Every structure is written in structure tokens, then in C-alpha cells.
Number of protein chains: 2
Amino acid sequence: MAQGHSDNLLFLTDEQLRRAIEAMFFAYRGFTADPDRILSDLNYGRAHHRAIHFINRTPGTTVNNLLAILGVTKQSLNRVLRTLIEDGLVDSRVGTRDRRERHLFLTDAGAALEQRLSDAQRARMRAAFREAGPASVAGFREVLEHMMDPELRRHFAAVKEGDR
Amino acid sequence: MAQGHSDNLLFLTDEQLRRAIEAMFFAYRGFTADPDRILSDLNYGRAHHRAIHFINRTPGTTVNNLLAILGVTKQSLNRVLRTLIEDGLVDSRVGTRDRRERHLFLTDAGAALEQRLSDAQRARMRAAFREAGPASVAGFREVLEHMMDPELRRHFAAVKEGDR
DNA sequence: TTGGAATGTCAACAAGGCTGACGTAATTTC
DNA sequence: GAAATTACGTCAGCCTTGTTGACATTCCAA
């Protein structure tokens, strides 16, 4: 696919862009489908997945950090966090330097669920990469980064540098 | 970016996949941000956008077709369609061949809103494509297609053939 | 003519967003 | 040391958008 219109971007028609938009819509649905199935069995939703994902990525992160990354209100996050803490998946520890802050960690059970979820998601991502071929992977990530809000992209790029 | 790991897919680490997963999450948020802003001013949500988009793409589509594409229940879609019809953005016409079916069309007002929404979304997509460069675009679309559920991908490919 | 398909509608419920207000520590600032 | 600010939690209420279940209507097709 995508030969005739990749040579010259000026020839990207609205129709071709519309197809890309739909591809994004359908792909995102595929992207979330596997975790969604696992989560619904546990009476959790995507909001729980997101919290678990980012706590796993940055253990000890504060509630405020998480709010900024997820872009939701504290009331909304708190509802999710409360159930995760009650269910013993997340551990909330009072900060040592600043005792107003709560630092969030996954418990062993939380880490286990995170593994299940990300294994499923990674498997699909890996399969898509394999089928699309190596050359496509770099382009995929390049476009995605440029589709983010600029502020987020900077944050994302910073993280990228960090764990080289 | 993405040189060292595009040569050999076997070297795609979990960490690199995790970054791709986050890129997908953040990019999707950027992807929907502009339409979301327009919609919230009109007291509509993403569900309205999706309905408008696909009615525009396939004028005269039936409710059942739309259900299949959107993957929601008819009750859920119906609520959205009702408001769009009441507000004069969508026209629902009884089928001629099969009078049980309702064929959906955008009114002039509906088409105008569709333009506003897709203009915003296309602008961002076009900008991302331009910044990422022509070579990236093909890879982007290739990976996205392989991330969809297989059944959907077939449908998507069929559409692709159709409007060449 | 009758069964089943397509569509619509009513009711009830849940997840997960939101705003606004308030309380309580703890820290920072003056 | 008092006052302001920050971090977090919580209560209450609202909205969108998804879900099930039940039921009516219309109409095609066997």
C-alpha cells in the first residue's frame, strides 16, 4: 500500500487523510481490545489500566504527577485509585521529604496484573510490527510523536532520552 | 529516532514496545483533541462525531451498517442519532426497497459540522505527516492496519480498494 | 399467514469524565 | 509565628456513553 502518495506529500488528498483518520480509529480499538477484555472480567476499566500502567512506569510517582500525565481531575483519578488500593493492587505511601505527598507503587498483585495487561498489548504491537516490517516501525513512531500535543511531545521526548 | 531497533525486529525490547504503547495513547489524545473542543461547545461528544463521520463517508447507510462499524448497541447509537436528527444535522429516510430500513444522510447543517470537525482533524494529521516526512507515512499506515482486528482490517481493505 | 428480521423506544444501571465546595495536613512564605 | 499555599481526599451532583432487558411496530419472505 501507500506508494503513490508517499513520494510527494503535497499530493495527499483529503480522501487519503480520511482513510488515515479511520485507520487511527480502528487501530486504537484493536490496541485496547485485549486489555479491555481482561479488565472487564475484573470489573475494572481503561481508567484502571492507565493508572496501573503509569505507576508501573514510574514507581513512587505522586498523585499530582499522575494527574498531569493522565489529564483528568483528581476526583476522577481518586475514584480509580481508591479501588486499586482497596483491592491491594496499589500501595500509597506518605512522602518522606514532603509528607503531604503520596507516593504510589504497585504491589506484587498489581505488578502481576500489569504484566498480564501489557503482555497482551505488547503481543499485538509486536505482531503488527512484525507484519508491517522493520522499515514501517520507525515511521509509525515518528508520525505518532508528531500527532501529540506539543507540550506532551516534549515530555515524551524527555522520557525517551532518559532511558536510553 | 528509531534506528537501532528497526534493523532487526528480534531486538525490539519490552521497553521499546512500552514506549510505542504510550506513544499510541498520547497520540490518540492529540488526534481527538481538536474535534473534542469543537464538539463540547455544541454539547456533543465523540459518539456524535463518529456517527457524523461515517454517515458522511457512506451516505444512505442503514442503522445496522452503522452499528456494525461503530461496534456499539443500537440503544446507544439511537440516543445519539435521535439528538442529531432532532437538531437537524441528520436526515433519516425510510428505505424504498426495504421499508424497515432507515437510510441516514447528513443535512446541509450536518455536512457543515462534518467539515469543521474533519478539517481540524485533517489539519493535525497533515501536519504530523509533513513533519514526519514521506517515508514515515507509509510505515505509519502499514502498522495501523496490522493493529486492527483481522475482521475489521478486511473491511478496511475492501473500502480501500473501492475508492481507488 | 405467520415467523422472523429490522428498527425504535422505555427503563434502569454503571463507568468514568466533569464542576464546585470543603476539610486537613504539611510546607512555604512573609 | 501567622498566613498563604500546596497536596490530597472526599462529598454531592451532573453529563456522556456504554450496557441489558423487555416490548411494540413494521414488513419481508417462506
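The structure presented is a predicted model; accordingly, all values stated were derived computationally and were not measured. Letters go in sequence order (proteins before strands), and every chain restarts at 1.
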Next on the checklist: Taking only side-chain N and O atoms of Asn78(B), does any of them lie within less than 4.0 angstrom of OP1 or OP2 on dT9(C)?
Outcome noted: yes
Checklist entry - OP1 or OP2 of dT9(C) sitting under 4.0 Å from any side-chain N/O of Arg82(B)? => result yes
Checklist entry - Just to confirm, is there a sub-4.0 Å distance from OP1 or OP2 of dG17(C) to any side-chain nitrogen or oxygen of Arg50(A)? => result yes
Checklist entry - Parallel, tilted or perpendicular: which describes the rings of His53(B) and His49(B), with under 30° parallel and over 60° perpendicular? => result perpendicular
Checklist entry - Ignoring hydrogens and angles, are the base of dG16(C) and the side chain of Gln75(A) linked by a donor-acceptor pair under 3.5 Å? => result no
Next on the checklist: Just N and O in the side chain of His48(B): are any of them under 4.0 Å from OP1 or OP2 of dT17(D)?
Outcome noted: yes
Checklist entry - Touch check for Gly95(B), heavy atoms < 4.0 angstrom, all strands: base, sugar-phosphate only, or nothing? => result nothing
Checklist outcome for this item: Of the listed dT19(D), dG8(C), dA26(C), the closest approach to the Ser76(B) side chain comes from dT19(D)
Next on the checklist: With a cut-off of less than 4.0 Å, is there a side-chain N or O of Asn64(A) near OP1 or OP2 of dC8(D)?
Outcome noted: yes
Checklist entry - According to the interplanar angle, ranging from 0 to 90°, do the rings of Phe140(B) and Phe129(B) count as parallel (below 30°), tilted (30 to 60°) or perpendicular (above 60°)? => result perpendicular
Next on the checklist: Let me spell it out: for each of Arg46(A) and Ser92(B), pick the nucleotide of DNA chain C with the closest heavy atom. Which residue's pick is nearer the 5' end?
Outcome noted: Ser92(B)
Checklist entry - With respect to the phosphate group of dG17(C), does any side-chain polar atom (N or O) of Thr73(A) fall under 4.0 Å of OP1 or OP2? => result no
Checklist entry - Got a donor-acceptor pair under 3.5 Å from the side chain of Arg100(A) to the base of dT6(D)? => result yes
Checklist entry - Is Arg79(A) side chain donor-acceptor paired with the dG17(C) base, going by distance under 3.5 Å alone? => result yes
